[in-house]
Peer 1: 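One structure is given below, represented as structure tokens, and several questions about it will come after.
Below, each value reflects all heavy atoms present in this structure, side chains not excepted, and no hydrogens, waters or symmetry copies. What you are looking at is a predicted structure, and each value in this text was computed from that prediction instead of being measured. One-based numbering, in listed order, for ligands and for the atoms of each.
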Amino acid sequence: MRIILIGPPGAGKGTQCERLVNFLRVPHLSTGEMLRAAIAQETAEGKEASTYMQAGQLVPDQLVLGLVTRRLKDQDCRGGCLLDGFPRTINQAEMLDDLLERQAMSVDGVIELSVPQEELVRRMLARKREDDSPEVFARRIESFERQTAPLLEYYKLQGKLRSVNGMGSADDIFDRVRQAIRAFRRAKR
Ligand code: B4P
């Protein structure tokens with residue numbers, strides 16, 4: 001299956017994906033992790049991405065698409081994958097649809113992790129990642145609302161979206177995520 005997780009910064013996408021990869025038995029593609037790895041390795045892509053991430057902005061589409069396109073061509077992604085934090089713009093979603101269509105594939109389902117802003121701020125303060133200062137985090141929330149939230153409508157119109165309450169324990173949320181996956185499986189049959 002090809003599943004996408006969408007949610008505001010700190011919604012717990014990475015946390016749920018850790019559980020989901022074992023359940024789905026597909027590779028986990030986190031663009032946030034790919035970008036942080038590129039920064040740690042000091043590649044040209046990492047150097048470019050770092051400026052945007054430190055400012056709380058989305059990295060340019062072409063850079064992210066380059067990383068994802070290369071990864072999706074790997075043999076282990078043939079049977080499916082879990083896309084964490086990608087796509088994040090309508091442009092990225094359209095490019096992903098094109099890319100998959102050329103390989104006779106498609107997205108099977110999209111899960112929105114929904115968490116109120118006060119809780120996002122609380123989690124961010126507890127996490128203390130480099131791009132988690134209150135000012136940068138506020139910009140990331142703003143960019144989610146402006147650039148990523150419109151994707152929810154994009155996938156809703158395709159009949160692929162399920163919204164999951166992202167409040168509660170990680171295990172309780174995972175139960176809800178699994179229910180969404182079961183619904184995607186039923187729809188695929
Ligand atoms: P990401 O790495 O995707 O970061 P995120 O949105 O902050 O994280 P996530 O939702 O996965 O939260 P997590 O599980 O860690 O992106 C980082 C940056 O990379 C972006 O700002 C952007 O600049 C760039 N980027 C990435 N993809 C891009 C793209 N496609 N296009 C352009 N730019 C892109 O959880 C957060 C915290 O909450 C953790 O500390 C966790 O322990 C805690 N938590 C999780 N679940 C919880 C629960 N149920 N209760 C309490 N705490 C919980």
Peer 1: Heavy-atom contact under 4.0 Å between Gln57 and ligand 1?
Peer 2: yes
Peer 1: Does ligand 1 have any atom that is closer than 4.0 Å to a heavy atom of Gly168?
Peer 2: yes
Peer 1: State if Ala170 counts as touching ligand 1 under the rule of any non-hydrogen atom under 4.0 Å.
Peer 2: yes
Peer 1: Out of all atoms in ligand 1, which are within 4.0 Å of some heavy atom of Gly14? Include the element for each.
Peer 2: 9 (P), 11 (O), 14 (O)
Peer 1: Go through ligand 1 atom by atom and flag the ones less than 4.0 Å from a non-hydrogen atom of Ala11.
Peer 2: 10 (O)
Peer 1: Output yes when a side-chain donor or acceptor of Thr69 lies under 3.5 Å from a complementary backbone atom of Leu65, and no otherwise.
Peer 2: yes
Peer 1: I'd like to know whether ligand 1 has Gly7 as a neighbour, heavy-atom separation below 4.0 Å.
Peer 2: no
Peer 1: Kindly determine whether Gln62 and Met95 satisfy side chain to side chain contact (heavy atoms under 4.5 Å, CB included), including the steps that lead there.
Peer 2: CA-CA 10 Å; Gln62 287 308 327; Met95 299 257 204; 3.4 Å; yes
Peer 1: Is the shortest side-chain N to carboxylate O distance from Lys160 to Asp108 below 4.0 Å?
Peer 2: no
Peer 1: Under the 6.0 Å and 45° cation-pi test, does Arg139 pair with Tyr52?
Peer 2: no
Peer 1: Establish, from distance only, whether the side-chain atoms of Arg162 and Gln179 form a donor-acceptor pair under 3.5 Å.
Peer 2: no
Peer 1: Using a 4.0 Å heavy-atom threshold (strictly under), name the region of Asp61 that reaches ligand 1: side chain, backbone, both or neither.
Peer 2: neither
Peer 1: Arg140 vs Gln57, test: side-chain hydrogen bond (donor to acceptor under 3.5 Å, both in side chains). Steps then yes/no.
Peer 2: CA-CA 6 Å; Arg140 290 169 58 204; Gln57 291 168 358; over 6 Å; no
Peer 1: Once you restrict to heavy atoms under 4.0 Å, what part of Lys13 touches ligand 1? Side chain, backbone, both or neither.
Peer 2: both
Peer 1: Check contact between Gly10 and ligand 1, using heavy atoms of the residue and a distance below 4.0 angstrom.
Peer 2: yes
Peer 1: So which bit of Gln16 gets within less than 4.0 Å of ligand 1, heavy atoms only: side chain, backbone, both or neither?
Peer 2: neither
Peer 1: Could you tell me, atom by atom, which parts of ligand 1 come under 4.0 Å of a heavy atom of Ile173?
Peer 2: 49 (N)
Peer 1: Report whether Val21 and Phe184 are members of the same hydrophobic cluster (ILVMFWY, side-chain heavy atoms less than 4.5 Å apart, transitive linking).
Peer 2: yes
Peer 1: For ligand 1, which atoms, with element, lie under 4.0 Å from some heavy atom of Val64?
Peer 2: 29 (C), 30 (N), 31 (N), 32 (C)
Peer 1: Measuring from atom 25 (N) of ligand 1, which candidate in Val59, Thr31, Leu35 has the nearest non-hydrogen atom?
Peer 2: Leu35
Peer 1: Does at least one non-hydrogen atom of Met167 fall below 4.0 angstrom from an atom of ligand 1?
Peer 2: no
Peer 1: Which atoms of ligand 1 sit under 4.0 Å from any heavy atom of Gln92?
Peer 2: 29 (C), 30 (N), 31 (N), 32 (C)
Peer 1: Can you find an N/O atom of Gly12 closer than 3.5 Å to an N/O atom of ligand 1?
Peer 2: yes
Peer 1: Among protein heavy atoms, which sits nearest to atom 2 (O) of ligand 1, and what does the distance come to when rounded to 0.1 Å?
Peer 2: Arg36 NH2, 2.9 Å
Peer 1: Run the numbers for me: atoms of ligand 1, each under 4.0 Å from some heavy atom of Gly85, listed by number.
Peer 2: 27 (N), 28 (C), 29 (C), 30 (N)
Peer 1: Within this structure, what is the CG-CD distance for the pair Leu5 and Glu112, rounded to the nearest 0.5 Å?
Peer 2: 10.0 Å
Peer 1: Quick one: does Asp132's side chain have a donor or acceptor within less than 3.5 Å of a partner on Arg129's backbone?
Peer 2: yes
Peer 1: How about Val26 and Leu20: do any of their side-chain heavy atoms sit closer than 4.5 Å?
Peer 2: no
Peer 1: Looking only at side-chain N and O atoms, does Asn165 offer a donor or acceptor that is under 3.5 Å from a partner on Ser114?
Peer 2: no
Peer 1: What do the steps show when you test Asp175 against Asp171 for side chain to side chain contact (heavy atoms under 4.5 Å, CB included), and what is the final call?
Peer 2: CA-CA 6 Å; Asp175 282 342; Asp171 286 341; 5.8 Å; no
Peer 1: Which residue supplies the protein heavy atom nearest to atom 7 (O) of ligand 1, what is that atom called, and how far is it?
Peer 2: Arg140 NH2, 2.6 Å
Peer 1: Are Ile111 and Phe174 connected into the same hydrophobic cluster when the rule is that any two of I, L, V, M, F, W, Y join if their side-chain heavy atoms are below 4.5 Å apart?
Peer 2: yes
Peer 1: Looking only at protein heavy atoms, which one is nearest to atom 18 (C) of ligand 1, and what is the separation?
Peer 2: Met53 CE, 3.8 Å
Peer 1: Ligand 1 versus Thr15, non-hydrogen atoms closer than 4.0 Å: side chain, backbone, both, neither?
Peer 2: both
Peer 1: In the protein, which heavy atom is nearest to atom 26 (C) of ligand 1, and how far is it?
Peer 2: Arg88 NH1, 3.1 Å
Peer 1: Determine the minimum heavy-atom distance between Pro134 and Met124, stating which atoms define it.
Peer 2: CA-CE, 4.2 Å
Peer 1: Would you kindly specify which portion of Met124 sits under 4.0 Å from ligand 1, judged on non-hydrogen atoms: side chain, backbone, both or neither?
Peer 2: neither
Peer 1: Identify which of Glu33, Met34, Arg123, Arg127 has a heavy atom lying nearest to atom 51 (C) of ligand 1.
Peer 2: Arg123
Peer 1: Hey, is Asp84 close enough to Lys13 for a salt bridge, meaning N to O under 4.0 Å?
Peer 2: no
Peer 1: Starting from atom 4 (O) of ligand 1, locate the nearest protein heavy atom and write down its residue, its atom name and how far away it is, to 0.1 Å.
Peer 2: Arg129 NH2, 3.3 Å
